[in-house]
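A note on names: the letters A, B, ... follow the listed sequences, proteins ahead of strands, and every chain is numbered from 1.
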Amino acid sequence: MLLMYEFAAIEQKWQRRWESERLYRAPDESGKPKYYSMEMLPYPSGDLHVGHAKNYTLGDAVARTMRMLGYNVLHPMGWDAFGLPAENAAIDRGIDPAAWTAENILNMRRQIRLMGTGYDWTREIASCEPEYYRWNQWLFLQLFRRGLAYKREAPVNWCPHDQTVLANEQVVDGRCWRCAHLVERRNLSQWFLRITAYADRLLADLDKLGGWPERTRTMQRNWIGRSEGANVTFAVDGLDESIQVFTTRLDTLYGVTFLAVAPEHRIVDSIKRIVSADDAAAIDAFAASLKSKSELERTSLMEKTGIFTGAYAIHPLTHERVPIWLTNYVLAEYGGGAVMGVPAHDERDFDFAKRRGLRVAQVIVPHDEAVVVPLAAPYVEDGRLLASEEYSEMSSARARDAIAERLIALGVGAKSVSYKLRDWLISRQRYWGTPIPIVHCVACGEVAVPEDQLPVMLPPREFVAGQTSTLATIAEFIETTCPKCSGPARRESDTMDTFFESSWYYLRYLDPHNDSAPWDPRRAAHWMNVDQYIGGAEHAVLHLLYSRFFYKFFHDEGWVSGPDEPFQRLFHQGLLLRDGEKMSKSRGNVVGIDETAERNGVDAMRLFLLYVTPPEETSNWTDDGISGRVRLLNRIWRACEPLSGVVGSDRRALPNAADPAERALLRAVHVVAKSATDETLSRRFHYNTTIAKLDELVNLMTAASSDAPSPSLLYAVSVLPILIAPFAPHIAEELWERYGHKSSVHLERYVEPDERALAVEEITLVVQINGKVRARIAAPAGIGEEAAMELAMADSNVRAHLDGKDIRKAIYVADKLLNVVAA
RNA sequence: GCCCAGAUGGCGGAAUUGGUAGACGCGCUGGUUUCAGGUACCAGUGGUGGCAACACCGUGGGGGUUCGAGUCCCUUUCUGGGCACCA
């Protein structure tokens, strides 16, 4: 009978024991250096599949290796438990979202344990629990107190399917990030967080984040979108009011032939009063036609349109009259919602001017051109100014400064910086979320719920299948009294964007049961920052930006200390596909955790996920692929288990060996140890190469097995469980126990790579002639150039290729290569 | 359109700093063992030629630097991702 590794019983046995012994608990006090390692917390949607396992297995391997390298590792897990899927399930089926969520958490916690992960479950959190969202509300109140949370009416993104507004970051290609329906534009009064107040710091501090993927930093940079330029004030002819435009190209100011204004601009109402009734009617009609269109529809999807208002602005320097147009392509929310139209030097203005027959006035020419020729396309580069009064002949760069000075002196301009980043809209017109702790009083206005009245509990409600509703419909929740004046008042009926909860949960893990503060700053001082954060790249401008904003706020408030960035190192794992396709229920190609654990075992699954590609790459689940890892585990079992009575702690000292095969075996052990250590400490996490080296080791062990095992084989067998513990924790633990050890292999120190064992005595000397390999000769390590040349010349193939040629020179790379240059 | 990352056997990948291209695994081919086997063991497996020794070709295409290039430079094609009227 072949000896087979009976994974099912063994894996269960150890998962139970780890749990009952709380093996992975991270004490707040320890003599060891701390290491905070975390994966993005999951939404409890139902079932986990092997795609989730790829993420958690990587994080687990990292945490386990760091623990075995001597760190006090904090590796927590929790649940991002508020959100729309639960509410939608509740509406579909007429059930309670809390119950649905609790059931899913139960199942997913079981599945995460089934993966053999080593989390500190004593720190588990769920964001839908009052103990958690109470602090969510508390943090909101602190933001409110500082003026960083405010309510205002603004054009916002409305998803007609999900029946709620969305943050800018949650609109992807003009569509709702969750349900992919086209987003509409609505003017609504909503709660915002003033993330723009932190725009400069969020941008500048990206440079500190050397441990982040460059592409993620670039995405955040682009999202924040800082532009340096100037504001210019254009008076409106016939009005006391003016229009301010933002431009980065002040050097083109003399090329302005029109002003383009968003139909939402404040000036429009005033303009209607000074133009003809026909013009006013046309303005209204144009504004109405764009009113509900989203930014995407108005800009990317539509051609440029616009109407002349009938009014004129006055150019601040030339005092010429400039027609004011309303257009679809000017964004109301950026740069003041008005643009100076310079068709000669801007693609968009050129396009619009051509369509509407507006004048094109060239004022910049390339430095090497003397004359103005009719433009077939706008000239958008810097150059030399023309037709610009005293600024003519200046370079663009100098003119920008000179014109800015003049405008400032005249009081009609100022240098200015604009950002694409907009304030974070956090109101959601949905039930299953954190209630915003504000009361609207007729007399007092917006009043914060006093902190001692937190949490504002999410009221229970009946869900009837097919029926949507929000907190606004629950009268006993809405109707209240004002905390200030005790007069009649109404509670805020919106709940918070769930990204609010996930912007600070990494701090709650540090102090999950604290009922007087969201966390103790001393704990934060000890554990922060997160040393390694692992999660998907899809959060690059969502969670990862919001969290940075929150953390900077906390830092300013003195609640956290040290660097004002939460995540020192970030790693994005790649997707996991199934046979080249995305896993999804509708395709029916989802590989579940349970069935995989049952068929192949968890250790095999973990090894496969780490082995198939480097972790940042998209990888592909195949049933054939995992069988290779099942085979590896069986080979490990057969190499080690029969010797379990022979090996014990006395076999763990590195033996001396003279025999080349034994030396190779010892070396293979330490090659694995070095690889695992290096891949972890370098944060490259390419455990695929570590496991390939493990394959080589096991191949050597299989070849070396005999009735009289050598000291080197016994050594390899005795330390193998330590080597594989981070990757295949169950089989490692089982072998360890069978060797007679009383405590867990996961409490052992990892095998320290030994230079003596890694040293090679014999090398392969590669002999090249003119760069082509002509011989490979075994040679002792440390051989000198002369001796190497002698060996090479003794080789018949080398001599044949050198026949009749003069040796010009030789390049010798120690212990590797000798290249003879000859002609 | 702009920005970023890639392209290596039938497949996933290895080669971290210019120095043996294809480690390791999957698949495939042949064999051994077994009453039996999707899960064992052994051997082979980039292409062409050759009994072999060996030779030539080979890391998307083209060019270059170098004694030597998957790796560096220029250019080009394709793939993936992000941004996309931000004035």
Within the sub-3.5 Å range, which N or O atoms of nucleotides 41-45 of chain B have a protein N or O partner, and how far apart are they?
from: B:C41; atom 1: OP1; to: A:Arg635; atom 2: NH1; distance (Å): 3.0

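- The side chain of A:Asn819 lies closest to B:G19, out of B:G19, B:U20, B:G25.
- The nearest heavy atom of RNA chain B to A:Asn600 and to A:Ile811 marks one nucleotide each, and the one closer to the 5' end goes with A:Asn600.
- Judged purely by distance below 3.5 Å, without hydrogens or angles, the side chains of A:His686 and A:Glu616 pair a donor atom with an acceptor atom.
- A:Glu381 places its CD atom 13 Å from the C1' atom of B:C2, with the value rounded to the nearest Å.
- Remark: A:His572 is not in phosphate contact with B:G81, judged by side-chain N or O atoms under 4.0 Å from OP1 or OP2.
- The residue A:Gly628 sits close only to the backbone: its heavy atoms come under 4.0 Å of sugar-phosphate atoms, none of a base.
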Q: At under 4.0 Å between heavy atoms, which parts of nucleotides 5-15 of chain B does protein reach? Answer with one letter per nucleotide, 5' to 3': B base, S sugar-phosphate only, - none.
A: -------BSSS

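- Between A:Asp349 and A:Tyr329, the side chains place a donor N or O and an acceptor N or O closer than 3.5 Å (distance only, hydrogens not considered).
- The glycosidic torsion of B:G9 lies within 90° of 0, placing the base in the syn range.
- Phosphate contact (OP1/OP2 of B:C85, side-chain N/O of A:Lys420, threshold under 4.0 Å): absent.
- Toward the 5′ end of RNA chain B lies the nearest nucleotide of A:Ala692, the other residue of the pair A:Glu228 and A:Ala692 mapping further downstream.
- Dashed line: the shortest gap from a side-chain N or O of A:Arg774 to OP1 or OP2 of B:A55 is under 4.0 Å.
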